[in-house]
Every structure is written in structure tokens, then in C-alpha cells.
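Take a look at the structure set out below.
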Amino acid sequence: MTVSDRILSIKKTIEEARLKSPNKDDVVIVGVTKNHPVEAANDIISNGISIIAENRVQAMKEKIDSSLLLPSKRHLIGHLQTNKVKLSLDLFDLIQSVDSERLLLTINKEAAKKSIVAEIFFQVNIAREEIKFGMFKEDLPEMLSLASELENIRVSGLMSIMPVETREKYYQDMYELFMNEKTKSYKNVDLKFLSMGMSGDYIQAVSCGANMVRLGRCLFN
């Protein structure tokens with residue numbers, strides 16, 4: 001099966017899942033190019049995937065430094081250390097994995113130095129897993145309130161990584177949290193995207209309300 005065929009098949013599956021979803025927004029596919037060469041990234045970009053993502057800052061830097069990467073939007077989806085924020089703002093259009101006050105303030109500070117507004121998602125650890133990054137859902141309102149005071153931050157979505165043992169409750173809880181906060185009025189906050197679901201669970205994620213999925217394995221294999 002060609003890359004084009006895989007993408008068409010995935011899009012068809014997403015549309016079928018969206019029929020069950022409480023969220024009728026179009027679903028955005030983010031192509032996760034982790035561990036794949038520039039040529040593979042270009043393959044999916046050429047076939048209509050306009051956003052690519054990496055878990056590590058250095059991995060994206062290497063792709064960009066090659067001067068071969070086709071134009072695309074670039075998202076960081078892995079844990080970000082504060083000492084790599086400055087470089088991240090040079091490399092990525094959006095950081096999906098903001099999970100602490102310290103990181104949020106550092107991004108705002110570095111964005112101010114560059115005279116830009118950094119677009120971010122807040123990462124929520126909806127299942128409260130010790131092994132995963134992300135704030136707990138009860139901490140989200142306070143973080144959104146803080147973001148509303150920061151002139152160089154724009155929060156446009158929420159992101160979550162679900163447990164391997166998927167339970168529909170977590171997807172539903174995440175959608176409910178997204179919708180609850182979406183209806184509130186915060187300066188610098190416009191929650192458009194709920195990023196949840198990867199290659200192994202994107203169908204369930206979409207059916208429960210995700211409008212952005214992060215796909216790697218199923219795009220390339």
C-alpha cells in the first residue's frame with residue numbers, strides 16, 4: 001500500500017468515527033515523523049499532511065538543518081525542558097506539551113524576547129498516570145487563568161496521551177473538560193483543538209470528540 005493509499009484509508013476511517021462523535025469539527029491529522037528520515041516526512045507532506053510533529057527538539061532541528069524538508073507546520077509533542085525553549089520557538093510553530101507553570105512562564109519570556117506570540121496547547125494527564133507528563137485536570141483552570149495574563153502566549157488547544165489500557169471514560173472526561181473550558185472567557189485563550197489519539201487509539205479518540213490526532217506508525221507502515 002502506498003503512502004497515498006494509507007492516508008486515504010485513514011481519512012475514511014476518521015470520517016466513519018466522526019459520525020459517532022459529539023464534535024462535528026473536521027479532524028486534523030498530525031504526522032508524527034519520530035524515527036523517520038526527511039524523505040519519509042516529505043512523502044506524507046506531499047500527500048496532504050500539512051502538519052508534522054516530533055517528540056524531541058533535536059530531531060526536528062536535524063530535519064530542518066538538512067535543508068530538504070518540504071514546507072509544513074511543525075508541532076512539538078514531547079516533553080520540553082525549559083533550557084530548550086528558546087530553540088523550540090525557532091523550530092516549531094506550536095508546542096503541544098506545555099504542562100507546568102514554570103514551562104509556561106519560560107515560553108512567555110523567550111517569546112517576548114523574540115517579539116512573537118507562542119502558540120501552545122496544555123497537556124493534561126487525564127488518567128493521573130505517574131509515568132506520564134501533564135497537569136491534572138483540576139489544575140487546568142488556574143493555568144488558563146495564568147496564560148490569560150501573559151501577552152506572548154496563545155493557548156489554542158488541549159492535548160492528552162491516553163493509557164495503554166484504553167478506557168472510554170478518559171476520552172469522555174477529556175472531551176468534557178475541553179468543552180467546559182472552551183465556553184469560558186480567558187484572554188489569550190481560544191480552545192479550538194482537542195489533540196488526543198495516536199495510531200493505536202485514534203478511532204476511539206475521534207468517536208469521543210478529538211478533532212486532532214497524532215499519527216505515526218499507521219501513516220508509515
Side-chain angles (χ1 to χ4, degrees), residues 28-38 40-42 44-45 49-66 68-114 116-126 131-135 140 143-144 146-147 150 152-162 174 178 188-199 202 205 210-217 219-220:
V28 177
I29 298 173
V30 176
V32 180
T33 55
K34 178 180 74 170
N35 299 328
H36 293 283
V38 172
N42 285 343
I44 63 170
I45 295 168
I49 302 299
S50 60
I51 305 172
I52 64 170
E54 287 285 344
N55 284 54
R56 297 187 303 110
V57 175
Q58 187 60 34
M60 185 61 79
K61 185 176 187 302
E62 289 169 3
K63 283 183 171 65
I64 293 171
D65 285 349
S66 73
L68 298 174
L69 186 65
L70 292 175
S72 59
K73 294 288 186 181
R74 302 185 295 269
H75 289 195
L76 178 64
I77 58 173
H79 181 64
L80 177 59
Q81 297 172 315
T82 53
N83 65 348
K84 293 184 179 177
V85 166
K86 182 178 179 181
L87 179 58
S88 296
L89 293 176
D90 290 334
L91 300 176
F92 294 96
D93 299 289
L94 190 149
I95 299 169
Q96 290 202 21
S97 49
V98 179
D99 60 358
S100 70
E101 179 179 324
R102 181 174 178 232
L103 180 57
L104 176 65
L105 293 173
T106 303
I107 292 171
N108 183 68
K109 179 182 176 181
E110 293 298 332
K113 290 179 183 177
K114 296 175 182 292
I116 63 170
V117 175
E119 187 174 0
I120 67 168
F121 291 177
F122 279 141
Q123 181 175 352
V124 179
N125 184 348
I126 196 69
I131 59 171
K132 285 195 173 80
F133 293 102
M135 68 189 76
L140 180 62
M143 289 289 284
L144 289 167
L146 175 59
L150 304 176
N152 295 87
I153 291 289
R154 183 171 79 242
V155 186
S156 59
L158 304 181
M159 184 267 266
S160 190
I161 302 171
M162 295 297 164
M174 196 66 211
F178 172 70
N188 309 324
V189 176
D190 183 12
L191 295 179
K192 294 179 179 178
F193 298 104
L194 176 56
S195 173
M196 63 177 182
M198 300 185 287
S199 289
Y202 74 95
N211 62 359
M212 180 176 284
V213 292
R214 310 178 301 275
L215 306 182
R217 186 180 71 252
L219 280 177
F220 295 102

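Note: hydrogens, waters and symmetry copies are ignored here, and every other heavy atom, side chains too, is used. The first residue of the sequence shown is numbered 1, and numbering continues consecutively from there.
- Ser97 contributes a side-chain N or O that, together with a main-chain N or O of Gly78, makes up a donor-acceptor pair within less than 3.5 Å.
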When you look at Val98 and Leu80, which way does the side-chain contact (heavy atoms from CB on, under 4.5 Å) test go after all the steps? CA-CA 7 Å; Val98 179; Leu80 177 59; over 6 Å; no
Could you walk me through whether Leu105 and Leu150 pass the side-chain contact (heavy atoms from CB on, under 4.5 Å) test, one step at a time? CA-CA 8 Å; Leu105 293 173; Leu150 304 176; 4.0 Å; yes
Would Met174 and Leu158 count as a side-chain contact (heavy atoms from CB on, under 4.5 Å) here? Give the steps. CA-CA 9 Å; Met174 196 66 211; Leu158 304 181; 3.8 Å; yes
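- Residues Arg154 and Asp190 form no side-chain contact, since every pair of their non-hydrogen atoms from C-beta on lies 4.5 Å or further apart.
- Scanning both residues, Asn42 and Leu70, for their nearest heavy atoms gives OD1-N, 2.8 Å.
- Note on residues 87-106: no pairs pass ring pair (Phe, Tyr, Trp, His ring centres under 6.0 Å), not counting sequence neighbours.
- Rounding to the nearest 0.5 Å places CG of Leu76 at 6.0 Å from CD1 of Ile95.
- Although no hydrogens or angles enter the test, the distance criterion places a donor-acceptor pair under 3.5 Å between the side chain of Arg74 and the main chain of Leu91.
- When all heavy atoms of Gly134 and Asn125 are compared, the pair lying nearest together is O-CB, 3.5 Å.
- Closest heavy-atom contact between Phe193 and Phe121: CB-CZ, 3.7 Å.
- Scanning all heavy atoms of the two residues, the minimum distance from Gly31 to Ile44 falls at CA-CD1, 3.9 Å.
- Of all heavy-atom pairs between Met212 and His75, the closest is CE-CE1, 4.2 Å.
- Looking only at distances, a side-chain donor or acceptor of Gln123 sits under 3.5 Å from a matching main-chain atom of Phe133.
- The nearest pair of heavy atoms linking Leu191 to Gly157 is CD2-N, 3.7 Å.
- To the nearest 0.5 Å, atom CD of residue Gln96 and atom CD1 of residue Ile51 are 8.0 Å apart.
- In terms of modelled atom types and a separation under 3.5 Å, the side chain of Asn211 and the main chain of Leu194 share a donor-acceptor contact.
- Among the candidates Ile120, Asn188, Leu104, the single residue satisfying the side-chain contact (heavy atoms from CB on, under 4.5 Å) test with Val155 is Ile120.
- Summarising the geometry, atom CD1 belonging to Ile77 is positioned 7.5 Å from atom CD1 belonging to Ile161; distances are rounded to the nearest 0.5 Å.
- Every pair passing salt bridge (charged side-chain N to carboxylate O under 4.0 Å, His left out) that includes a residue from residues 88-110 is listed here, sequence neighbours excluded: Asp90-Lys114, Glu110-Lys113.
- The CE atom of Met159 sits 12.5 Å away from atom CE of Met196, with the distance rounded to the nearest 0.5 Å.
- Under the 3.5 Å distance criterion, the side-chain polar atoms of Arg214 are left unmatched by any main-chain donor or acceptor of Val32.
- Between atom CD1 of residue Ile52 and atom CE of residue Met60 there is a gap of 4.0 Å, rounded to the nearest 0.5 Å.
- With hydrogens and angles ignored, the 3.5 Å screen pairs a side-chain donor or acceptor of Ser160 with a backbone N or O of Val124.
- Contacts of Phe220 classified as ring pair (Phe, Tyr, Trp, His ring centres under 6.0 Å), with partners at least two apart in sequence or in another chain: His36.
- In this structure, NZ on Lys61 lies 9.0 Å from CD1 on Ile64, to the nearest 0.5 angstrom.
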After noting the C-alpha distance and the side-chain angles of Ser156 and Leu94, does the key distance pass the side-chain contact (heavy atoms from CB on, under 4.5 Å) rule? CA-CA 9 Å; Ser156 59; Leu94 190 149; 3.8 Å; yes
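- No donor-acceptor pair under 3.5 Å is formed between the side chain of Ser72 and the backbone N or O of Ser50.
- Summarising the local packing, NZ of Lys132 is surrounded by more than 12 heavy atoms from other residues, nucleotides or ligands at distances under 6.0 Å.
- Formation of a donor-acceptor pair under 3.5 Å by the Ser199 side chain with backbone atoms of Arg217 is found in this model.
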